[in-house]
Amino acid sequence: DIMEEIIGEIKDEFDDEGDEDEYVADEDFSWNAIELIGGYSYSPLATVELRLGTTDNAGKDSVDYTLNYFSVYYRPGVDLGKAQLYGLLGYSSVNNKFEEKNEETGEVFKDDEKFSGFSYGIGGAYSVTKNINIGLEYRLLVSDDLYGEDDEELSDYKEAWEYTALSANVSYRF
């Protein structure tokens, strides 16, 4: 009887975890963004960039979720003729704005949070002309571990998340 109880509790625990994963999958947001990039390149190994970006609203039903961010990067790279490969190492700050309207009551819930931290990425570019490049890159903007409110029970609740970006771009070099 005791073994059946323990097995039943374990099954319930796994069933609850599956429900959480389904909920998280339903809340998976993606955005389109526009980004302004400025920088100075002394050499392929001595390039600094500042990036400012904003996303569109990912409105699902009555939820709007928007990101505004800025990043500062050291960008070491390797020139391969018309192609360039590069890395990004730096700092990003992301401000997310969340707004949800309850359709039944008309009540609006708003939240505004800011996250900052180490940021990195990798990318490649190809020179179409002397001044115009096309490229593709992947970046981790920011990540964090969230814990439950009671410090003594940290092992009971821990959630990790991250904001990543995959971008195709066209750039003009002055």
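Scored by the ring-ring contact (aromatic ring centres under 6.0 Å, His included) test, Tyr163 finds Trp161 as partners (sequence neighbours excluded). By the ring-ring contact (aromatic ring centres under 6.0 Å, His included) test, Tyr172 pairs with Phe174, sequence neighbours left out.
Taking OH of Tyr42 as the reference point, atom OG1 of Thr47 lies at 12.0 Å (rounded to 0.5 Å). The structure places CG of Leu67 at 10.0 Å from CZ of Phe115, a figure rounded to the nearest 0.5 Å. A distance of 11.5 Å separates CG in Leu88 from CG in Leu140, rounded to the nearest 0.5 Å. Rounded to the nearest 0.5 Å, atoms CD1 (Ile122) and CG (Leu85) are 7.5 Å apart. Put simply, CG on Leu50 and OH on Tyr73 are 10.5 Å apart, with the number rounded to the nearest 0.5 Å. In this structure, the separation between NZ on Lys114 and OH on Tyr69 is 15.5 Å, given to the nearest 0.5 Å.
Residue Tyr91 comes nearest to Ser116 through the heavy atom pair OH-CB, 3.0 Å, listed as atom of the first residue, atom of the second, then distance. Smallest separation of non-hydrogen atoms from Tyr74 and Leu45: OH-O, 2.9 Å. Minimum interatomic distance between Glu137 and Gly123 (heavy atoms only, all atoms of both residues): CB-CA, 3.7 Å.
Under a hydrophobic clustering in which Ile, Leu, Val, Met, Phe, Trp and Tyr are joined whenever their side-chain heavy atoms come within less than 4.5 Å, directly or via other members, Leu52 and Ile37 fall into different clusters. Tracing side-chain contacts under 4.5 Å through hydrophobic residues (I, L, V, M, F, W, Y), one reaches Leu136 starting from Tyr138; they form part of the same cluster.
Remark: the Gln84 side chain and the Tyr126 side chain contain no N/O donor-acceptor pair separated by less than 3.5 Å.
The backbone N or O of Arg173 lies less than 3.5 Å from a partner atom in the side chain of Asn131, making a donor-acceptor pair. Side-chain atoms of Ser92 never come within 3.5 Å of backbone atoms of Ser119 as a donor-acceptor pair (strictly under, hydrogens ignored). Looking at Ser127, its side chain never comes within 3.5 Å of a backbone N or O of Lys130 through a donor-acceptor pair.
A salt bridge links Glu49 to Arg51: at least one charged side-chain nitrogen sits closer than 4.0 Å to a carboxylate oxygen.
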Passes side chain to side chain contact (heavy atoms under 4.5 Å, CB included), Ile132 versus Val170? Steps please.
-> CA-CA 7 Å; Ile132 297 175; Val170 176; 4.2 Å; yes
Carefully, step by step, assess Asn169 and Glu35 under the rule side chain to side chain contact (heavy atoms under 4.5 Å, CB included).
-> CA-CA 10 Å; Asn169 54 59; Glu35 189 170 67; over 6 Å; no
Could you go step by step and tell me if Leu141 and Ser71 meet the side chain to side chain contact (heavy atoms under 4.5 Å, CB included) rule?
-> CA-CA 8 Å; Leu141 288 171; Ser71 303; 3.9 Å; yes
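Counting heavy atoms of neighbouring residues, nucleotides and ligands inside a 6.0 Å radius, atom CZ of Phe118 exceeds 12 of them. Around CD of Glu107, the count of heavy atoms belonging to other residues, nucleotides or ligands within 6.0 Å does not exceed 12. The neighbour count for Leu80 CG, taken as heavy atoms of other residues, nucleotides or ligands under 6.0 Å away, is above 12.
Within the 4.5 Å cutoff, no side-chain heavy atoms of Asn95 are placed close to those of Glu113. Using a 4.5 Å heavy-atom threshold, the side chains of Val128 and Lys82 count as separate.
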